[in-house]
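Structure record follows, encoded as structure tokens.
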Protein chains: 2
Amino acid sequence: MKPPDPTLLGYALLALIHQAPRSGYDLRKLFATTPLMSFSDSPGAIYPALKKLEQTGLIRSVVRDQGLRRKRVFRLSPSGLAKLKTWLTRPVQREDIIRHVDQLLVRFGFMDETVGAEGTIDLLRQMESGLAAYVPELQTFLAAHGPAMSLSGRLALESGISSYKSFLVWSRYALRQYEASRKRVAYETSQHSS
Amino acid sequence: MKPPDPTLLGYALLALIHQAPRSGYDLRKLFATTPLMSFSDSPGAIYPALKKLEQTGLIRSVVRDQGLRRKRVFRLSPSGLAKLKTWLTRPVQREDIIRHVDQLLVRFGFMDETVGAEGTIDLLRQMESGLAAYVPELQTFLAAHGPAMSLSGRLALESGISSYKSFLVWSRYALRQYEASRKRVAYETSQHSS
DNA sequence: TATATCATGTAATGCGTTACATGATTTA
DNA sequence: TAAATCATGTAACGCATTACATGATATA
């Protein structure tokens with residue numbers, strides 16, 4: 001009955017369309033040229049995904065044909081914006097930390113334009129505490145099983161650990177950035193209102 | 001005509017079976033309990049994958065029924081071992097660095113048991129130079145587009161950069177470990193031969 | 001004797017990948 | 001005028017996910 005939730009690609013498309021109205025080709029070019037996200041820029045991925053988003057009413061399209069080449073431009077519908085928001089503000093599960101860190105990063109990258117600094121800080125706090133809890137688990141595993149592993153196996157595990165650690169450090173850095181920017185905003189608005 | 005190459009899951013199964021003969025259930029438990037790899041432990045993923053590997057002749061199975069529960073135990077065939085080796089020693093492409101770092105890590109983790117220290121060092125060198133080339137690209141992108149990005153977008157990009165950087169640092173650390181262990185082996189064998 | 005664990009599978013579904021296909025418009 | 005780029009799609013295929021299904025054996 002209920003249409004299923006979008007995939008990660010679907011959500012990314014929603015977020016990018018929310019930033020600005022875009023065509024399928026625009027989106028392909030974004031995926032091809034920006035280093036942030038690991039999505040395929042192949043038409044066979046993007047056009048069907050857009051079609052599905054439109055069929056489920058999350059986006060709407062208008063064909064523009066003025067002088068230029070014919071172009072189908074998409075915009076978010078109200079329900080599309082709502083879907084995007086609930087995705088962005090979904091609580092961080094343990095699984096997100098263990099197996100879908102990349103998804104968390106994509107989510108994070110799109111937060112400002114949709115849920116503002118409050119929501120972004122909220123996500124960062126959840127990421128920070130999730131990571132802070134997970135790193136020691138990995139270290140415990142390494143201490144227990146490391147000695148029995150091959151050198152390459154152990155080093156691969158250590159690579160995972162150090163990557164999580166650097167992510168944890170980053171999350172704290174990002175929190176500081178946000179708190180600084182919030183103070184700045186507070187200061188500026190107080191200047192205005194005075 | 002030619003059977004297609006295994007998927008990443010298929011290669012991981014090959015490598016784990018190469019470490020020791022294992023059953024489907026053994027493999028499921030490994031995926032469920034070890035933190036290294038992000039594979040699903042669901043039977044719907046593993047049993048069909050094993051079936052396919054057997055159909056293409058890369059593994060062979062024997063049903064064991066002695067006293068315990070009935071169990072299908074898999075071993076690598078010669079062609080399976082060959083397939084595994086060519087996968088492990090495949091040259092590192094730019095795409096591997098940009099979009100499949102996780103795969104590189106999986107590959108790396110399985111190298112010792114199959115291609116030895118020589119091959120592992122080779123992979124590490126390729127990873128190191130690929131990463132060393134890619135990090136500045138990302139930094140250039142950040143410098144060019146960062147100012148126009150939202151704070152969360154920019155921070156997400158910075159997170160990617162710092163993660164690549166920490167991976168680069170790790171690759172150099174891993175190289176030192178291997179060179180140290182190689183010297184140790186050389187020393188020990190020279191002691192033996194003297 | 002009821003529950004958890006061992007152990008192996010199948011079925012429906014959906015999505016992404018690769019490859020194919022088309023046509024208009026700049027640019028060299 | 002040939003090639004590159006803009007722009008949108010479809011078709012075949014394979015694989016993973018989720019859910020379902022079964023039955024034996026420890027364990028409480």
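We use all heavy atoms of the structure for the numbers below, so side chains are in, but hydrogens, waters and symmetry mates are not. Each chain gets a letter, A, B and so on, in the order its sequence line appears, and its residues count up from 1.
- In this structure, the NZ atom of A:K71 is 14 Å from the P atom of C:dT25, given to the nearest Å.
- Checking the phosphate oxygens (OP1, OP2) of C:dT10, a side-chain nitrogen or oxygen of B:K51 falls inside 4.0 Å.
- Candidate nucleotides D:dT17, D:dC15, C:dA24 were compared by shortest atom distance to the side chain of B:T7, and D:dC15 ranks first.
- The side chain of B:L9 sits closest to D:dA16 out of D:dT8, D:dA16, C:dA24.
- We find the CG-CD1 distance between A:L76 and A:I17 to be 6.0 Å, quoted to the nearest 0.5 Å.
- If you take CZ on B:F39 and CD1 on B:I46, they are separated by 10.0 Å, rounding to the nearest 0.5 Å.
- Side-chain contact between B:T7 and B:K52 is absent, with no heavy atoms from C-beta onward closer than 4.5 Å.
- Rounded to a whole Å, the CZ atom of A:R28 is 12 Å from the P atom of D:dG9.
- Across the protein-nucleic acid pair, A:L27 atom CG and C:dG16 atom P stand 14 Å apart, rounded to whole Å.
- Between B:Y134 and the options B:I161, B:I98, B:L168, a side chain to side chain contact (heavy atoms under 4.5 Å, CB included) holds for only B:I98.
- Using a 4.0 Å heavy-atom distance criterion, A:R70 is classed as a sugar-phosphate-only contact.
- Atom CG in B:D5 sits about 14 Å away from atom C1' in C:dT18, given to the nearest Å.
- The existence of a salt bridge linking A:K83 and A:D5 is confirmed by a sub-4.0 Å separation between a basic side-chain nitrogen and an acidic carboxylate oxygen.
- Taking 4.0 angstrom as the limit, B:S23 places a side-chain polar atom (N or O) nearer than this to OP1 or OP2 of C:dT8.
- The stretch residues 40-48 of chain B touches DNA chain C through B:P43, B:G44, B:Y47, each having a heavy atom under 4.0 angstrom from the strand.
- Atom CZ of A:R75 has 12 or fewer heavy atoms from other residues, nucleotides or ligands within 6.0 Å.
- A:E54 has its CD atom 12 Å from the P atom of D:dT8, to the nearest Å.
- At the phosphate of D:dC15, OP1 or OP2 sits under 4.0 Å from a side-chain N or O atom of B:K52.
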Verdict with reasoning, B:S23 to B:R72, per side chain to side chain donor-acceptor pair (under 3.5 Å): CA-CA 6 Å; B:S23 71; B:R72 178 180 295 272; over 6 Å; no

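- Atom pair B:L13:CG and D:dC15:C1' shows a separation of 13 Å (rounding to whole Å applied).
- The shortest distance between the side-chain N/O atoms of B:R72 and the OP1/OP2 oxygens of C:dG9 is below 4.0 Å.
- The separation between A:L53 atom CG and C:dG14 atom P is 15 Å, rounded to whole Å.
- For the pair A:Y25 OH and C:dA24 P, the computed distance is 17 Å after rounding to whole Å.
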